[in-house]
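Letters A, B, ... are given to chains in the order of the sequence lines, protein chains preceding strands, and every chain is numbered from 1.
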Amino acid sequence: MTYILRRLGFYLLSAWVALTINFLLPRLMPGDPATALFARFRGQLAPEAMQALRETFGLTQAPLLTQYLTSLRHVLTGDLGISVAYFPSPVSTVIGTGLVWTVLLAGSAVAISFTIGTLLGLVAAWWRRGWVDTWLPSALVFLGSFPYFWLAMVALFVFGFTLGWFPLGHAYADDVVPAFSTAFVTDVVRHAALPVATMVLATLGGWLLSMRNTTIAVLGSDYVNLARAKGLSPARVALRYAARNALLPSVTGLGMALGFVLGGSLLTEIVFSYPGQGYLLVQAVRNQDYPLMQGIFLVITLAVLAANFLVDLAYLWLDPRIRESAT
Amino acid sequence: MSASGVATSSGIAVWWGAIRRDRKALAGSVILAIFLVIAIAGPWFVGDPTAPVGIPLQPPSADHWLGTTGQGQDVLAQLVVGTRVSLAIGFAVGFAVVLIGALVGVTAGYFGGRIDGFLSLLFNVFLVLPGLPLAIVIAAYLPSGPLTLGLVLTVTGWAWNARVLRSQTLSQRRRDFVAAAIVSGESSPRIIVREILPTMTSLMVAQMIGSTVYAIGAQVGLEFLGLGDVSGVTWGTNLYWAQNDSALLTGAWWTFAPTGLCVALVGFGLTMLNSGFDEITNPRLVLERAWRAHLIRRGRGATRSTPVVMDRG
Amino acid sequence: MAEPILSIRDFSVDYVTERGLVRAVDGVTLDVEPAEILGIAGESGSGKSTLAQALMRILPPPAVISGGQVLFEGRDLLALPEDDLREVRWKRIAMVFQSAMDALNPVTTVGEQIEETLHAHGAVSADAARARALELLEMVGIPSASIDAYAHQLSGGMRQRVCIAMALALHPSLLILDEPTTALDVIVEREILEQIRALQRRLGFAVMFITHDLARMLQFSDRVAIFYAARLVELAPADALRRAARHPYTQGLLRSFPSVHGGGTELQSIPGAPPSLETPPAGCRFHPRCGRVVDRCRTQNPAWRTLAPSHAAACHLAE
Ligand SMILES: Nc1ncnc2c1ncn2[C@@H]1O[C@H](COP(=O)(O)OP(=O)(O)OP(=O)(O)O)[C@@H](O)[C@H]1O
Ligand SMILES: [Mg+2]
């Protein structure tokens, strides 16, 4: 089995596990959130919406297996049920409105943080006991110890509320027309700057440390020693040998960290009233909107799995040892 | 022939050594000790954290050192009382995820074959599923409170430890004394408990510390979303109320700043403890330090080419 | 005799460990003549690789050079600044590492690793570098298609050949071979050594050939240096050593190799194990294992004595 197929199979399996968890949760859990919901919506809901809700909670007469297959079929056709908080919009529509913003926020935060952190880690390892190596790791680990959303609150308080340099929330200003125009893009960037910056600050230390430690290990390897013996320039030893090889474990770590960073991004969105999945999630939690919550879980999971697959492809491109077994 | 007694005590002894000899580890453990004292004894020294005791949203003053909340409660009292629950959940989860991680990881690594295949697949799937959203959907169906939080954080947090302990077990299994024990017909549980686990104590302590950092952070995040018991007093619910009362937009920084600082200090202290430990046990770092010290004693700096330190003076 | 190309004087190398310094090369004095093959033999752990890497100053931490002099083509390598060292490395002294298996960068092709060496030491066009790389690979018997291969695609023997080709890329005047044939089977090993010897005859570089296989060494080298526990104990032309080794350790070594002593007498290994370098024995380091030990050996470090023209040993009993 080739590498790509194996990874793809693994992600499909993971997706199936997520789907199954989603199906089982409402049926396994104690208590009865459904009854409360029905009481609240009696008379308001159209019969077919009521039926959809029932299905979500498994309150139908059909045997479990039939329910399971029905739910799988629904998900595969993009039907995630009806949102309670945004009644009567279907969950898929509600989620769709926020997806692009979450991807924008989390994606750019991860890309920026990974790039800068990895570079700094390389610098720290190459100039051991230098300025970067001595001060930055501890300082960034300290910053990374704050909850993301707390840093977001402080940033919003200082740079938005007190100094007024940045807008206080939302993805773009009310008076800007969403279009592919310079005005709109700059406005979006202005709104994203603070949330992205706080997430970058919170995650920078992790990338720095992991790159630093693997680079130190790689610098002790035989092939780096041979590179030195060959009289190659320090720049070439640092980049072609040390960095290039140390990057591999960092990229593996990137896949692993995606889900984690996304979680932090959801919380950051809430602070900035940023209209992504995190914001929707809070609405869902407050309104006990279980279909929406589960839909978000599912969509985010699929996004993380897809991103992981992209990381695998990048790894494939970076590591010839794996590339060979894949083709 | 069992190495257990020695290894267990040395696992702990190494930690002691780290705290005594390493600045980072010392700083970390001092921070931690302070918060433990606050968690245990603090609540007796402050008033009722939920009672309205003053005008809402008062900045810090002599009466209320850290000001008052949007409901006129004392921020300091909330902070101190919140420490207890938050740390308790954090440490309990830290312990639980390492325990489960050890059970799964060691079983997988020791028995290998199909058992390993299945368990590895299991923890790899849990590693790739995004933790916070999963925790949220589970927590939303359960009655809110510390138990629920502990449960969901455990469910979403054990996989990494299992993975690390599995590979550690694999390498331990190849060691001579384990092979000898297997040949001499000792039972598997006995070998695991007496020969393999003891060699991993200090790693497991490190994992417990790392997992506690995770648990405190994730717990605060979930409570901030309103998934905790919002009528209770913990660090996370303090932040939830601060956000709910629009602390930011009224400029009431004192309602959220101290709590976040405490979360960070505890996390930082634990991380420093871990990295201090790494510094004195990672052979590469230890030797490199000794090498630098030797060069400095001889009045030389470290160079990329093998340094020359002449004896003849 | 011409000026030696490499002249090592009283050279010492230490490893910093948690429990203090470990001296892995202790006061070694040794010359390498132009265009000769000097063999270096000694048990595992006697400091052979340490010597080789330290004189190029590429021994990684926690090693330090603690004394002596290394004169190479008239320049003191121990006093040379980084940039000048970089000039000497590979252009003048090249080396095939003991661990050729791990010595190649796993993420670039072997061709690129040869070409980058050419680029680092002079302006060559990309085409010329590639042509030269192909030529070198051909010289060590590697098919030209493998120029774009990665290390993991080659067998251990092929990797070792790539390392040898790479070492010859710049016509060094000294080639250090640190057990270049460990990963090879006997037939391939012989073939490669023959190849190196032929090249050496043709191009006239000097070779420092490190191994613990004394039989192979005696066949292959002009002169042989024997190491024991970080020290040089005997130095002699290969045939003189085979006929009349003077140090009891060398004699023991010779007796323990079947192909050397010709099968007449019984095969004998030296009793005991080499000493730890952390706590070496006082006096002569070989005395705990020596069959001819006298009182002096236990306390006094034997001086380096010239016993015949170009034959010297460090033993109280050698006259
Ligand atoms: N990093 C290190 N720290 C401490 N001691 C070391 C280190 N590296 C090597 N040594 C010691 O230095 C001595 C010489 O090692 P070296 O690798 O030079 O031996 P060698 O003669 O090349 O052996 P082999 O034939 O096995 O290659 C050994 O006794 C070894 O224990
Ligand atoms: Mg060696």
Exercise: identify the closest heavy-atom pair between P307(B) and A63(C):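 For P307(B) and A63(C), the tightest heavy-atom pair comes out as CD-O, 3.8 Å.
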Modelled atom types, side-chain donor and acceptor of S305(B) and R89(C), under 3.5 Å: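 Indeed, the side chains of S305(B) and R89(C) share at least one donor-acceptor pair under 3.5 Å.
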Gap between atom [atom2] of [Y] and atom [atom1] of [X] - 0.5 Å precision:
X: S12(C); Y: M310(B); atom1: OG; atom2: CE; answer: 9.5 Å
X: E18(C); Y: R289(B); atom1: CD; atom2: CZ; answer: 9.5 Å
X: H294(B); Y: L21(C); atom1: NE2; atom2: CG; answer: 5.0 Å

Taking C-beta and beyond as the side chain, do [X] and [Y] meet within less than 4.5 Å on heavy atoms?
X: V64(C); Y: R300(B); result: no
X: E288(B); Y: P60(C); result: no
X: V309(B); Y: I65(C); result: no

Sidechain-backbone polar pair: T306(B) side chain, L59(C) backbone, donor-acceptor under 3.5 Å: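 Yes, the answer is positive, given that a donor and an acceptor are paired below the 3.5 Å cut-off.
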Heavy atoms from other residues, nucleotides or ligands near CZ of F95(B) exceed 12 (cutoff 6.0 Å):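 Open.
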Residue V308(B) versus chain C: region with a heavy atom under 4.5 Å: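 Its backbone and side chain both get close to chain C.
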Toward chain B, the part of L78(C) with a non-hydrogen atom under 4.5 Å: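 When you check distances to chain B, atoms from both the backbone and side chain of L78(C) fall under 4.5 Å.
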